[in-house]
Amino acid sequence: RWRITTQSSTANGHQELTAYIPFSESIANKEFNIVSNPNGPDQMSMVWVKRINGGIDQYFGIEGKAIVTLDTGAATLTASFDFKAERNPEHVHIKGKLSVKGLDHDTGSVTAKIKGDAEARYKSTEVSLTHQPASRTFPPSFAGWSRHYTPRPDVRDLRISLSVADNLELGTYTVTEYSKEVRVIFFDINNGLGYWATEGRVTLLKMPAENATTGELEARFKFKAKVTLVDGTEQTVCATDGHLHIKKQVVG
């Protein structure tokens, strides 16, 4: 699949809109049906996520259309979309356009042992490596993102995001919630929770060049992360034996 993700962050929260489009060569104005579980060449999925504090709300597209044009030679993609999405019992209507120039091919893996209020032998099914501009609280950085997904009947959707300031030397760094060097977030999407790592270590083994659009990020990690629920109680997870290795190659 082609995975197109857009992000928006403000002081009030974070949003993501992701489109999963069947992989193909160049297409022009091809119409796709947006459904929750695509299983054919004319079907695709879209997901809208909003994250405020430690809470995650994920809305899955259930009905709609998208018109997609993809030029693999020029490495461009444009799309218009109009669909309904749901997060029981809430429904939303999302309509818009997107345009992408430059396509990436990201490969690699992220593994770890997760214990605590979420438990898993984490093994990535999707990875990506992106360069992020400076935010209010973190310098320009490389973000190594991964997803551990198992399908029905026992759906599990977990994610690990490792952010590394792009001027760091190889070596070991201490994880804290407010570090300006390395940060880690663990997401339990099924339960709508985001755990911020408050302690641990990240050992950088390979880093892309500063501000690069290609390269490799490799690190070993362990961390303890927590989230505060609406009733004031805390949940924690611990990750051990963590290994992240993601390579990015620009297509076109």
Side-chain angles (χ1 to χ4, degrees), residues 5-18 47-58 87 110-124 126-149 156-168 172-204 217 219-244 246:
T5 298
T6 66
Q7 302 178 356
S8 173
S9 293
T10 68
N12 297 320
H14 176 88
Q15 297 183 70
E16 293 179 6
L17 184 65
T18 302
V47 183
W48 175 52
V49 176
K50 61 178 181 178
R51 188 171 78 230
I52 301 174
N53 298 323
I56 302 172
D57 294 333
Q58 185 165 232
R87 174 184 178 270
V110 180
T111 57
K113 295 177 183 176
I114 307 294
K115 292 186 177 181
D117 287 298
E119 297 201 358
R121 186 170 287 276
Y122 189 97
K123 185 175 182 180
S124 59
E126 297 178 40
V127 297
S128 72
L129 177 60
T130 57
H131 186 263
Q132 307 281 356
S135 69
R136 265 188 325 112
T137 60
F138 203 68
S141 61
F142 290 97
W145 174 93
S146 69
R147 181 190 193 195
H148 166 112
Y149 181 79
R156 298 211 70 190
D157 193 345
L158 306 172
R159 309 192 188 171
I160 293 176
S161 177
L162 168 64
S163 295
V164 180
D166 66 2
N167 60 354
L168 295 186
T172 299
Y173 296 86
T174 300
V175 174
T176 68
E177 189 172 353
Y178 303 106
S179 169
K180 294 296 192 296
E181 296 172 329
V182 292
R183 290 189 188 177
V184 186
I185 311 175
F186 172 80
F187 299 99
D188 179 356
I189 300 297
N190 288 22
N191 293 307
L193 297 175
Y195 296 75
W196 288 77
T198 56
E199 57 185 87
R201 292 199 309 270
V202 172
T203 299
L204 297 177
L217 177 64
R220 296 196 179 277
F221 61 86
K222 67 176 184 178
F223 62 82
K224 179 179 180 181
K226 69 178 182 180
V227 61
T228 302
L229 305 182
V230 292
D231 63 3
T233 61
E234 285 189 356
Q235 290 191 180
T236 61
V237 296
C238 292
T240 57
D241 297 334
H243 182 228
L244 177 149
I246 305 175

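Positions are given from 1 along the sequence. Both backbone and side-chain heavy atoms feed into the values below; hydrogens, waters and symmetry mates do not.
Within the 4.5 Å cutoff, the side chain of Leu168 has no heavy atoms near those of the Phe142 side chain. At least one side-chain heavy atom of Thr137 sits less than 4.5 Å from a side-chain heavy atom of Arg183. Side-chain contact between Val237 and Val227: absent, with no pair of heavy atoms (C-beta onward) separated by less than 4.5 Å.
Taking all atoms of both residues into account, the shortest heavy-atom contact from Ile246 to Gly144 is CD1-CA, 4.0 Å. Across every non-hydrogen atom of His243 and Phe221, the tightest pair is N-CE2, 3.5 Å. Nearest heavy atom pair, residue Val182 against residue Tyr173, reads CG2-CB, 3.9 Å. Taking each heavy atom of Ala165 and Lys180 in turn, the nearest pair found is CB-O, 3.7 Å.
For the residue pair Gln132 / Thr130, a side-chain donor-acceptor distance below 3.5 Å is found, with atom types taken as modelled. Checked by atom type, the side-chain pair Glu126/Tyr149 shows no donor-acceptor distance below 3.5 Å.
Taken to the nearest 0.5 Å, the OG1 atom of Thr233 stands 3.5 Å off from the CG atom of Asp231. The distance from atom CZ of Phe138 to atom OH of Tyr178, rounded to the nearest 0.5 Å, is 14.0 Å.
Arg156 is linked by a side-chain contact (heavy atoms from CB on, under 4.5 Å) to Ala120, Thr150, Asp154, Leu158, counting only residues two or more places apart in sequence or in another chain. Listed by chain and number, the residues in a side chain to side chain donor-acceptor pair (under 3.5 Å) with Ser163 amount to none (sequence neighbours excluded). With sequence neighbours excluded, the residues that form a side-chain contact (heavy atoms from CB on, under 4.5 Å) with Thr174 are Thr176. Partners of Gln58 according to the side-chain contact (heavy atoms from CB on, under 4.5 Å) rule, which considers only residues two or more places apart in sequence or in another chain, are Val47, Val49, Phe60, Asp157, Arg159, Ile189.
Each side-chain hydrogen bond (donor to acceptor under 3.5 Å, both in side chains) pair with one or both residues in residues 110-121, not counting sequence neighbours, appears once here: Lys113-Asp241.
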I'd like a table of donor-acceptor pairs (distance under 3.5 Å, sequence neighbours excluded) in which one partner is a side-chain atom from residues 197-204, with atom names and distances.
unit_1	atom_1	unit_2	atom_2	d
Thr198	OG1	Lys224	O	3.4
Thr203	OG1	Thr172	OG1	2.9

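Side chain of Tyr122 to backbone of Ile160: a donor-acceptor contact under 3.5 angstrom is found.
The only member of Asp188, Ile114, Val184, Ile185 that meets side chain to side chain contact (heavy atoms under 4.5 Å, CB included) when paired with Tyr195 is Asp188.
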